[in-house]
Protein chains: 2
Amino acid sequence: MIETVLNPQKKVPSPTIARLFTYYRALLESRETSYISSEELAKLTGCMAAQIRKDLTYFGEFGTPGKGYKVEELSQRLRSILGIDHDWDVVLIGVGNVGRALLSYQGLKSQGFKVTQLFDSDPKKIGLSCAGLKIKDITSMKEELQNTPVKMAIITAPANSAQEVANMLVEAGIKAILNFAPTRIFTP
Amino acid sequence: MIETVLNPQKKVPSPTIARLFTYYRALLESRETSYISSEELAKLTGCMAAQIRKDLTYFGEFGTPGKGYKVEELSQRLRSILGIDHDWDVVLIGVGNVGRALLSYQGLKSQGFKVTQLFDSDPKKIGLSCAGLKIKDITSMKEELQNTPVKMAIITAPANSAQEVANMLVEAGIKAILNFAPTRIFTP
DNA sequence: AACTGTGAAATTATTCACAGCT
DNA sequence: AGCTGTGAATAATTTCACAGTT
């Protein structure tokens with residue numbers, strides 16, 4: 001699961017994160033165009049108005065007393081908080097059959113992921129291109145990721161090396177791993 | 001959302017329900033064949049062992065002190081608690097384009113739903129057959145549902161009548177409504 | 001007047017720790 | 001010895017209620 005961390009000034013309860021998606025959906029469906037009050041949003045979502053207000057203040061104060069929340073701004077803020085206002089750069093490790101399938105699959109893009117680098121350990125593959133990207137040596141991964149903002153990786157390596165790869169990713173500063181290897185991996 | 005109610009002896013916290021799915025998935029993936037302890041399941045799911053034990057006791061005591069939980073029994077119990085051990089009988093209201101699409105769509109069946117009755121308000125449709133079921137008059141719905149165990153309905157009626165249909169369903173004892181009408185409806 | 005933002009109270013959920021069973 | 005089931009303790013979350021802003 002992806003938990004977007006934006007303003008961890010105070011600790012955000014995880015049920016709050018889940019509700020933000022609900023608020024966002026309700027907002028998309030609502031006919032409101034200017035301001036919406038916590039009370040109205042409550043009616044739309046089935047949540048309590050006070051809870052909505054509290055949830056939102058974890059990320060700053062953007063309501064107008066007497067009027068409510070500006071719909072356009074609230075939408076934008078929620079998109080930003082939920083991390084759906086931009087694509088997520090990811091690296092893909094293991095350019096085998098599964099990896100290539102994912103690269104040619106449009107679903108990845110439509111879910112907001114953009115593959116920016118490819119890694120593999122097979123010397124025969126290193127240097128080749130796939131989907132417009134050159135396959136790099138996995139041993140250079142930490143170095144390559146040093147000055148990038150990439151925080152997410154997709155593992156499509158064989159089961160027996162997935163755990164090792166996961167360790168390297170954590171080492172390289174990756175915060176989220178989507179594991180397509182047919183095994184379970186453990187991270188701190 | 002569907003919350004299966006089996007043994008509401010004590011009130012079951014809703015996070016517990018969510019975790020039961022996790023336990024079930026972990027169990028399916030695990031290689032254990034005889035007994036599994038709360039400790040092992042904890043390692044597999046990332047939950048706390050004490051929490052797993054507490055979660056399970058809401059539905060009875062089925063662990064064996066000194067050994068753990070019998071994998072086969074635990075699986076079966078979880079399936080039963082989660083309501084995925086049998087199909088759910090549903091009725092479908094509104095045999096228009098959306099309704100017919102759903103009826104011919106295999107996804108409904110693969111998700112464990114079985115459509116048992118069809119209703120519509122259009123006199124031209126009443127009496128016709130669709131997917132092997134006769135279309136009944138919506139005004140007879142309450143009566144027709146009287147002696148059936150159906151607790152779920154799918155609404156595919158036009159937006160402007162969806163709310164009215166929902167009211168009738170609640171009246172007829174339906175506990176869960178899947179709304180495919182292009183509108184939002186409210187229920188108690 | 002209408003609404004937000006927020007401490008404080010109430011409620012709900014998690015974790016501990018241990019008695020008791022196999 | 002190893003593990004479950006569970007009250008009691010702790011922690012997290014929700015709700016109330018109201019001061020303060022527009």
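A, B, ... follow the sequence lines: proteins, then strands. Residue 1 opens every chain. Please read all numbers here as calculations on a predicted model, not as lab measurements.
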Q: How close or far is atom P of C/dT4 from atom CD of A/Glu39, stated in whole angstroms?
A: 8 Å

Q: Output every pair passing side chain to side chain donor-acceptor pair (under 3.5 Å) with a member in residues 140-152 of chain B, not counting sequence neighbours, ordered by first then second residue.
A: B/Lys136-B/Glu144, B/Lys142-B/Glu171

Q: Name all pairs fulfilling the salt bridge (charged side-chain N to carboxylate O under 4.0 Å, His left out) condition that reach into residues 88-107 of chain A, sequence neighbours left out, sorted by first residue then second.
A: none

Q: CZ of A/Phe119 to CD1 of A/Ile155: how many Å apart, nearest 0.5 Å?
A: 12.5 Å

Q: Apply side-chain contact (heavy atoms from CB on, under 4.5 Å) to B/Ala153 and list each qualifying residue two or more places apart in sequence or on a separate chain.
A: B/Val91, B/Ile93, B/Leu169, B/Ile174

Q: Could you pull out the protein-nucleic contacts involving nucleotides 9-13 of chain C (nitrogen or oxygen on both sides, under 3.5 Å)?
A:
none

Q: Quick one: which of D/dG5, C/dT6, D/dT14 gets closest to the side chain of A/Glu61?
A: C/dT6

Q: I'd like to check the salt bridge (Lys or Arg N to Asp or Glu O under 4.0 Å) partners of A/Arg79; sequence neighbours left out, ordered by chain and number.
A: A/Glu72

Q: Does B/Leu133 have any side-chain contact (heavy atoms from CB on, under 4.5 Å) partners at least two apart in sequence or in another chain, and if so, which?
A: B/Val115, B/Leu118

Q: With sequence neighbours excluded, what pairs up with B/Glu164 under the salt bridge (Lys or Arg N to Asp or Glu O under 4.0 Å) test?
A: none

Q: Between N or O atoms, less than 3.5 Å apart, protein on one side and nucleotides 20-22 of chain D on the other: list the pairs.
A:
{"residue": "D/dT22", "atom": "O4'", "partner": "A/Pro65", "partner atom": "O", "Å": "3.4"}

Q: Whole angstroms only, please: what is the CG-C1' distance between A/Leu56 and C/dC3?
A: 13 Å

Q: Just distance, no hydrogens or angles: give the donor-acceptor pairs under 3.5 Å from side chains in residues 35-52 of chain B, sequence neighbours left out.
A:
{"residue": "B/Ser37", "atom": "OG", "partner": "B/Glu39", "partner atom": "N", "Å": "3.4"}
{"residue": "B/Ser37", "atom": "OG", "partner": "B/Glu40", "partner atom": "N", "Å": "3.1"}
{"residue": "B/Ser37", "atom": "OG", "partner": "B/Glu40", "partner atom": "OE1", "Å": "3.4"}
{"residue": "B/Ser38", "atom": "OG", "partner": "B/Arg53", "partner atom": "NH1", "Å": "3.0"}
{"residue": "B/Glu40", "atom": "OE1", "partner": "B/Ser37", "partner atom": "N", "Å": "2.8"}
{"residue": "B/Thr45", "atom": "OG1", "partner": "B/Leu41", "partner atom": "O", "Å": "2.8"}
{"residue": "B/Thr45", "atom": "OG1", "partner": "B/Cys47", "partner atom": "N", "Å": "3.3"}

Q: Indicate, with a heavy-atom threshold strictly under 4.0 Å, whether B/Phe62 touches base, sugar-phosphate, or nothing.
A: sugar-phosphate

Q: Test the B/Arg77-B/Phe62 pair against the cation-pi criterion, namely NZ or CZ under 6.0 angstrom from the six-membered ring centroid and within 45° of the ring axis.
A: yes

Q: Check whether any side-chain nitrogen or oxygen of B/Tyr69 sits under 4.0 Å from OP1 or OP2 of D/dG5, and answer yes or no.
A: yes

Q: Residues two or more places apart in sequence or in another chain: which of them pass side-chain contact (heavy atoms from CB on, under 4.5 Å) with A/Met168?
A: A/Ile138, A/Met141

Q: Could you state the atom-to-atom distance from CZ of B/Arg77 to C1' of D/dT4 in whole Å?
A: 14 Å

Q: Please write out the pairs of protein N or O atoms and N or O atoms of nucleotides 16-19 of chain C separated by less than 3.5 Å, giving the distance to one decimal.
A:
{"residue": "C/dA17", "atom": "N6", "partner": "B/Arg53", "partner atom": "NH2", "Å": "3.4"}

Q: What is the distance from CD1 of A/Ile52 to P of C/dT6, rounded to the nearest Å?
A: 16 Å

Q: Would you mind reading off the distance between B/Ile36 atom CD1 and D/dG2 atom C1', rounded to a whole angstrom?
A: 15 Å

Q: Return each pair, listed once, that meets salt bridge (charged side-chain N to carboxylate O under 4.0 Å, His left out) where at least one residue sits in residues 110-122 of chain B; pairs must be two or more places apart or across chains.
A: B/Asp120-B/Lys125

Q: Measure NZ/A/Lys70 against P/C/dC3 and give the value in whole Å, please.
A: 18 Å

